[in-house]
Each structure stands twice: as C-alpha cells, then as structure tokens.
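Below: the structure, in structure tokens.
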Number of protein chains: 2
Amino acid sequence: MARWQPGTRERLQQVSLELFGERGFDAVTVAEIAQRAQVTERTFYRYFADKREVLFDGQDTLVHAFVAGVGEAPAGLSPLELAAAALDRAADFFADERRSWSRARQSVIENDPALQERELLKLAALSAALSCALQERGVSNQRAGLAADLAVSVFRISFVRWIAAGEQQSMRELQRDVLETLQALTSS
Amino acid sequence: MARWQPGTRERLQQVSLELFGERGFDAVTVAEIAQRAQVTERTFYRYFADKREVLFDGQDTLVHAFVAGVGEAPAGLSPLELAAAALDRAADFFADERRSWSRARQSVIENDPALQERELLKLAALSAALSCALQERGVSNQRAGLAADLAVSVFRISFVRWIAAGEQQSMRELQRDVLETLQALTSS
DNA sequence: GTCTATAGTGCGATAGAC
DNA sequence: GTCTATCGCACTATAGAC
C-alpha cells in the first residue's frame, strides 16, 4: 500500500474548485480541502504558496505561449503585430473543452476580491513578460509597455466573451475581433 | 483630558508609511502601528478594512476625477478623446509637491507583492468606473472597456515616469506624451 | 509534523460629545 | 438621554518557523 496517492496536486486543485464553487472561497478552510483530498494541511502548503494560489497554477505555460509567440514571429513586424502574434499563439490554450471548466473557475474568482487581486497580479506578470519579449525584438521600453498592456487587455476582454453563456466563437476569433475594435478605436 | 486625539486616521496613515518604509510592509505588525499612533489594534481596523488598505485610502477621489473628466467633456468626442479628457482632469492631483510622497509610497508598494495586488485591484476598479462613464456617453460596452484599459495603462506608465528620479515634466505633460506614443503605436 | 505569530472578526463595555 | 469612537477580549484561520 502506497503511503501517498499520485496526483496530489491535481486532487487538491479539483477539490478546491469544487468546495469554492459550493460555498465561496472565504467559507472554505485549507483544513477542509486537505481533508477531502486525503492529505494534511501542511501538504497543501507544500504544493501551493497560499490558499489562493491553488486556482492559479499553470499560468506560466500561458506566459510562455505569449513570449514564444513574440519570439517566433517573422522579422519586420510592428509592435502591435507582434502582440497579435502572441495572442494568436496563446489562443491554443483555450480549446472548446476547457470552456466549462474556465467558466466555473472564473465564477469563483468573480465572487471574491482576494482572488481578483491574485488574478490581476498574474495578468500584470504576463504584461511584464510580454513587454520584456517585445524589447528583445527591438521595441523601445515605453512602446513595449504600452503594447503589452494592450495585448493583455485584448486577452482579458476576449476571455470574458469566450466564457459568456452561449458563446460559440473560438478564443482566436474573439481576440482578432477585439483587436480590430481596438484599432478602429485609436485610428479615429 | 480627552480619551482620544483628533486625526486618528491621518496619524495611522503617516505612522504606517514611516514604518513600512523603514522595515518593509511584512516586517511591521498592525499592533506596532496602533501602538505608535496611540490607539489599539482594533481601532486600526475600524478605519481600514485590512492592513494594506491604509496605503490606498483616498483613491476614490482619483476615480471621481476621471469620471468627472468624462462627464464634463464636450459633445462629439471620440472614446479616446474622452479618455484623454479624463486623464487631463486627473492630472490635477499630481502636483509637484506630492512627488516625493508618491515616491516613498510607491517604493513601499514595489517591495511587496501583496501591496502590488491591492494597487492592481484599485486600478481595475478605476478602469471599471471609467468604462461605465464612457458607456453613459454612448460608447459601446466593448469599446468602453478597451478605452478605459487604455487610459489606465497610459496613467500607470506616466505615473512611473513622473516619480522617476530627476523627472521634471508634469503629470499632464507626461500623460499627453504617452498617449501620443500609444496612437503612433496603433496607427502603424 | 508540531508550534507559534499575526491577520482579521464579533460583540459587549465604556468614555466622552451632543 | 443618544450617538459615536474606542477599548478589551475571545476567537478562527492563514502561513511560516522550528
């Protein structure tokens, strides 16, 4: 008999999302999560830095996608075109099967300010990484910061639409649409 | 002898910024702040919802300025011009005398992720309020969200420049400059 | 794996302002 | 008297230290 089951991390994440969905983030204690996942409280904190972090694991793969999108884009693109390439690349993460899971997760986040704070920090980190990648492609500091913020804004607004009830369009389509709106907005 | 001195709130804010600056946000306890301000820990929490909030009091006046800037702008402006009006209006808050205080505060925030999270939440609230104000001026939901994010991004980037060592330009000038850069970025 | 500091909450008591 | 600021204390949960 194994002393511990494999997949502890995944179990903790799944159990957390379930409990948060049922009673809200605040009303659930780490002790409860640990108990349901058959580990001790201490083990939870071995995997996740704090209680909120359990919902934000795996964000670095998204960051990598954005950065890779910029790094692999052809030469001669404008900052905005580089940002668009990053968005296109990141869209792969949002397959249709993930929609309902994303919806559940986002609904939990929207109901707790502490989780919103953490999400915003992750998006800020994404923007910072993207800005860095753009600067490596020769974009000036200020332009890179602006373009990165722009891309993250497009991403966030598209994501909200993507998980809206009844939405059929893919993340890639939505992002392109929002980006077009953005360009129309600033050219007028 | 009065049981309590007037200006408790201001005293708590001042003492907090001092202590955070000396030893960092995390190394200072609410008990210490309260003691130095001659009140009990419980009183601190009467004024501020949590330990971080003591550094973010008065942000709503900034939000009001942005919203007022949109509300009072002349008719017929584009979403981006409305956003520019809001930025111009908000610039009044950043008089030269406040530069060193802003610098001290920002330095504390930059050294603690928890404070960065709170700052991002406040900026998100600003964006949401701005988006709302834009929609009341007839801008569509999606355009309003984008324009609001844009304005907040311009604000944030300008603010960083405004508190940079040796910077002489006013917040208004910096914001206009960044906004120009933004337009150049999206029109190409 | 236990022990502890600290954040943050709930509620009743109290002192002064009006 | 009422109202409001403050206190005091008991309590839970997070999170980090040993």
Side-chain angles (χ1 to χ4, degrees), chain A residues 1-5 8-9 11-13 15-57 108-109 111-122, chain B residues 1-59 108-109 111-122:
Chain A
M1 184 64 190
R3 180 122 142 256
W4 39 264
Q5 312 278 324
T8 302
R9 173 182 291 268
R11 225 169 341 117
L12 283 168
Q13 291 174 320
V15 164
S16 295
L17 186 57
E18 276 172 25
L19 287 173
F20 294 161
E22 288 167 18
R23 310 208 302 274
F25 178 75
D26 236 43
V28 177
T29 68
V30 174
E32 277 178 288
I33 297 168
Q35 194 184 3
R36 258 221 218 176
Q38 313 262 33
V39 294
T40 66
E41 215 171 321
R42 190 70 184 72
T43 301
F44 179 93
Y45 286 108
R46 274 179 45 79
Y47 286 99
F48 308 105
D50 59 55
K51 186 182 164 189
R52 285 175 283 168
E53 200 63 18
V54 70
L55 284 176
F56 294 92
D57 196 58
V108 169
I109 293 173
N111 281 301
D112 192 285
L115 292 172
Q116 288 161 38
E117 288 189 338
R118 178 56 52 86
E119 189 180 40
L120 291 166
L121 189 70
K122 297 290 180 178
Chain B
M1 180 67 186
R3 177 141 165 243
W4 35 268
Q5 312 278 324
T8 302
R9 170 183 230 97
E10 290 71 21
R11 229 175 329 125
L12 284 169
Q13 290 174 322
Q14 194 194 318
V15 164
S16 295
L17 186 56
E18 275 171 26
L19 288 172
F20 294 160
E22 289 166 17
R23 308 208 306 273
F25 178 76
D26 237 42
V28 177
T29 67
V30 174
E32 278 178 287
I33 298 168
Q35 195 183 3
R36 260 221 218 176
Q38 312 263 34
V39 293
T40 65
E41 212 172 324
R42 201 68 190 80
T43 299
F44 179 94
Y45 287 109
R46 274 185 48 79
Y47 285 99
F48 309 106
D50 59 56
K51 186 181 164 188
R52 287 174 280 168
E53 199 64 16
V54 70
L55 284 176
F56 294 92
D57 197 58
Q59 297 278 300
V108 169
I109 293 174
N111 281 301
D112 193 284
L115 291 172
Q116 288 161 38
E117 288 188 339
R118 179 55 52 86
E119 189 180 41
L120 290 165
L121 191 69
K122 296 291 179 179

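Chain identifiers are assigned alphabetically (A, B, ...) following the order of the sequence lines, protein sequences preceding nucleic acid strands; residue numbering begins at 1 within each chain. On a predicted model such as this, the values are computed, not experimentally measured, just so you know. What you see below is based on every heavy atom in this structure, not just the backbone, and it leaves out hydrogens, waters and symmetry mates.
Rounded to an integer number of Å, the gap from B:Asp112 CG to C:dT6 P is 16 Å. C:dA7 atom P lies 14 Å from atom CZ of B:Arg118, rounded to whole Å. Rounded to whole angstrom, the span from the NZ atom of B:Lys51 across to the C1' atom of C:dT6 amounts to 8 Å. Protein atom CD of A:Glu117 is 16 Å distant from nucleotide atom P of C:dA7, rounded to whole Å. Counting to the nearest Å, the P atom of C:dT6 and the CD atom of B:Glu32 are 8 Å from each other. When the C1' atom of D:dA13 is taken as reference, atom CG of A:Asp26 falls 10 Å away, rounded to whole Å. If you take CD1 of B:Ile33 and P of D:dT6, they are 16 Å apart, rounded to a whole angstrom. Computed from coordinates, the A:Gln35 CD to D:dA13 C1' distance equals 15 Å when rounded to whole Å.
Contact annotation: B:Thr8 reaches the phosphate of D:dT6 (side-chain N/O to OP1 or OP2, under 4.0 Å).
A distance-only check finds a donor-acceptor pair linking the side chain of B:Lys51 to the backbone of B:Val28 [under 3.5 Å]. Although no hydrogens or angles enter the test, the distance criterion places a donor-acceptor pair under 3.5 Å between the side chain of B:Ser16 and the main chain of B:Leu12.
Less than 4.0 Å separates DNA chain C from no heavy atom of any residue of residues 14-22 of chain B. Of the residues in residues 40-50 of chain B, B:Thr40, B:Arg42, B:Thr43, B:Arg46, B:Tyr47 come within less than 4.0 Å of DNA chain D through at least one heavy atom, sorted by number.
Using a cut-off of 4.0 Å between Lys/Arg side-chain N and Asp/Glu carboxylate O, B:Glu53 and B:Lys122 are scored as salt-bridged. A salt bridge between B:Glu41 and B:Arg36 is absent, with no side-chain N of the basic residue lying under 4.0 Å from a carboxylate O of the acidic one. Using a cutoff of 4.0 Å between basic side-chain nitrogens and carboxylate oxygens, A:Asp112 and A:Arg52 are not scored as salt-bridged. Classification of B:Arg23 and B:Glu32 as a salt-bridged pair holds, one side-chain N sitting under 4.0 Å from a carboxylate O.
The two residues A:Val15 and A:Ile33 make their nearest non-hydrogen contact at CG1-O, 3.8 Å. Of all the heavy atoms in A:Leu121 and B:Glu117, the pair that sits closest is CD2-OE2, 3.4 Å.
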- Carefully, step by step, assess B:Tyr45 and B:Val30 under the rule side chain to side chain contact (heavy atoms under 4.5 Å, CB included). CA-CA 9 Å; B:Tyr45 287 109; B:Val30 174; 3.4 Å; yes
